[in-house]
Undergrad: 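Input: one structure, supplied below.
Keep in mind that the numbers below use all heavy atoms, side chains included, and drop hydrogens, waters and symmetry copies. Each ligand, and each atom within it, is numbered from 1 in the order the structure gives. What you are looking at is a predicted structure, and each value in this text was computed from that prediction instead of being measured. All residue numbers refer to positions in the sequence shown, counting from 1.
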Amino acid sequence: MRKYVILGVQGSGKGTQSTLLATDLDLVHISVGDIFRWHVKSHTKLGAQVRRLVAAGELVGDDLVEAVVRERLQQHDWNFGFIIDGFPRSRRQAEFFLESYDIDGVIHLDLPDDEVRRRVLARRLCSRCGMDYNLIAHRPETEGRCDVCGGELVTREDDAPDALATRLREYHDKIDPVVELFRGKEYVTTVDARDDKVTVQRSIRTRLNLPPYAPEKSGGEVAAE
Ligand code: AMP
């Protein structure tokens, strides 16, 4: 059983790296942001509560986030372990998590703010099937259209420049204490996220003593975060 947390600013490749690890090692990939986006899209009661915050790139309250994480992990569909992405985002969330679960490692993807802006402003999402694209690393074959379903590609609301600036500020205010807390427990492995995704994945595996990454075995391409 392996239990990991992956931390990193928006655009650092958390989604991509989590998917690569999860697919290969049979871990369940839990993205708290995806759970919220699903609720917003499905017009649930929770979706209505978080819609404005998610669209503005502001953090959802700790109580709500903890309830969502607790409920997700209670499903116990993670026989071989999990990798949780986008959580914890505050010291309180980290304390809650450490009290409730023992973890094997925290992967901290480190990316300078300039590179974050460059990557995030190039992200697109299919409005029909949800497939991710990136105009730098993963362009669609036809401009503005999804390769898989032909749906229109749109920008995530929270990828707009204002929302991104808010997220970067919040990220640094909140996440630095989280990293420090985990570092005190010797869990953290910091990886330079400027490298290409295969190099980053290989570094993560080496640092965590995991089986080496073989792209051909893992099914090759994954969508960018
Ligand atoms: P992400 O896809 O991880 O960037 O998350 C998208 C949005 O979901 C964030 O901008 C927040 O509004 C919300 N969110 C996701 N994870 C958390 C968290 N751990 N704490 C508070 N809000 C969160």
Side-chain angles (χ1 to χ4, degrees), residues 3-19 21-22 28-42 44-73 82-101 103 106-109 111 113 115-117 119-126 130-134 154-179 181-182 193 222-225:
K3 287 175 261 164
Y4 299 113
V5 168
I6 189 160
L7 300 174
V9 67
Q10 195 183 2
S12 59
K14 278 182 307 213
T16 303
Q17 297 301 331
S18 308
T19 305
L21 275 178
V28 172
H29 172 207
I30 299 172
S31 159
V32 177
D34 280 352
I35 295 175
F36 285 138
R37 277 186 289 277
W38 181 86
H39 280 278
V40 171
K41 211 172 142 199
S42 310
T44 66
K45 198 170 146 209
L46 175 63
Q49 281 173 283
V50 302
R51 195 182 61 80
R52 195 195 56 76
L53 294 170
V54 171
E58 287 170 29
L59 291 181
V60 172
D62 289 334
D63 287 339
L64 213 52
V65 174
E66 286 170 18
V68 163
V69 169
R70 195 180 296 116
E71 195 190 307
R72 179 63 191 84
L73 288 173
F82 60 77
I83 178 157
I84 187 158
D85 143 10
F87 176 91
R89 289 259 242 289
S90 68
R91 196 177 164 98
R92 194 188 118 179
Q93 290 178 13
E95 282 164 353
F96 151 81
F97 199 53
L98 283 171
E99 276 166 23
S100 314
Y101 305 92
I103 46 177
V106 175
I107 303 157
H108 174 221
L109 297 178
L111 193 71
D113 287 358
E115 180 61 12
V116 175
R117 277 188 278 273
R119 288 186 184 187
V120 167
L121 298 178
R123 296 207 294 206
R124 297 294 180 272
L125 179 76
C126 174
M131 177 88 176
D132 285 308
Y133 291 85
N134 187 293
V154 295
T155 306
R156 246 168 67 174
E157 256 181 284
D158 57 349
D159 281 350
D162 284 357
L164 176 59
T166 307
R167 286 166 69 129
L168 275 174
R169 216 175 24 249
E170 285 222 18
Y171 178 81
H172 289 298
D173 285 353
K174 295 264 166 96
I175 218 75
D176 294 351
V178 170
V179 174
L181 183 73
F182 284 132
V222 292
E225 184 199 6

Undergrad: Does ligand 1 come near enough to Val60 that some N or O of the ligand is less than 3.5 Å from an N or O of the residue?
TA: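 Yes, Val60 has an N/O under 3.5 Å of an N/O on ligand 1.
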Undergrad: So, 4.0 Å and heavy atoms of Arg156: is ligand 1 close enough to count as a contact?
TA: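 Yes, that is the case, since the closest heavy atom of the residue is under 4.0 Å from the ligand.
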Undergrad: With a 4.5 Å cut-off on side-chain heavy atoms, are Val60 and Phe36 touching?
TA: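 They are in contact (side-chain heavy atoms under 4.5 Å apart), so the answer is yes.
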Undergrad: Does any N/O atom on Asp85 come nearer than 3.5 Å to any N/O atom on ligand 1?
TA: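 Checking ligand 1 against Asp85, no N or O pair falls under 3.5 Å apart.
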Undergrad: So Leu98 and Ile103, do their side chains get closer than 4.5 Å, heavy atoms only?
TA: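 When only atoms from C-beta onward are counted, Leu98 and Ile103 do touch, with a gap below 4.5 Å.
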Undergrad: Give the numbers and elements of all ligand 1 atoms closer than 4.0 Å to a heavy atom of Glu58.
TA: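 Near Glu58, the atoms of ligand 1 are 11 (C), 12 (O).
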Undergrad: Which atoms from ligand 1 have a heavy atom of Gly86 less than 4.0 Å away?
TA: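 Answer, ordered by atom number: 16 (N), 17 (C), 18 (C), 19 (N).
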Undergrad: If the contact criterion is a heavy-atom separation under 4.0 Å, does Gln10 count as touching ligand 1?
TA: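 Checking ligand 1 against Gln10, which is what was asked, there is no heavy-atom contact under 4.0 Å.
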Undergrad: Are Phe87 and Phe97 an aromatic pair, judged by ring center distance below 6.0 Å?
TA: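 They qualify: ring centres under 6.0 Å apart.
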Undergrad: So, the side chain of Arg124 versus the backbone of Thr155: is there a donor-acceptor pair under 3.5 Å, distance only?
TA: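 No.
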Undergrad: So, for Ala94 and Phe182, which heavy atoms are closest and what is the spacing to 0.1 Å?
TA: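 Smallest heavy-atom distance, with atoms named: CB-CZ, 4.1 Å.
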Undergrad: I'd like to check which ligand 1 atoms, numbered from 1 as shown, lie under 4.0 Å from a non-hydrogen atom of Gln93.
TA: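 Listed by number with element, the hits are 18 (C), 19 (N), 20 (N), 21 (C).
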Undergrad: Short list, please: which atoms of ligand 1 are under 4.0 Å from a heavy atom of Val54?
TA: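 Near Val54, meaning under 4.0 Å from one of its heavy atoms, ligand 1 has 8 (O), 12 (O).
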Undergrad: Is it the case that ligand 1 has an N or O less than 3.5 angstrom from some N or O of Arg167?
TA: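 Such a contact does occur with ligand 1.
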Undergrad: Below 4.0 angstrom, N of the basic side chain to O of the carboxylate: do Asp132 and Arg156 qualify?
TA: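 Not counted as a salt bridge, because no side-chain N and carboxylate O are separated by less than 4.0 Å.
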Undergrad: Should the pair Glu58-Arg167 be classified as a salt bridge under the 4.0 Å nitrogen-to-oxygen rule?
TA: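 Judged by the 4.0 Å cut-off on N to carboxylate O distance, Glu58 and Arg167 do not form a salt bridge.
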Undergrad: Considering only heavy atoms, which of Arg89, Glu157, Arg52 lies nearest to atom 18 (C) of ligand 1?
TA: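 The option holding the nearest heavy atom is Arg89.
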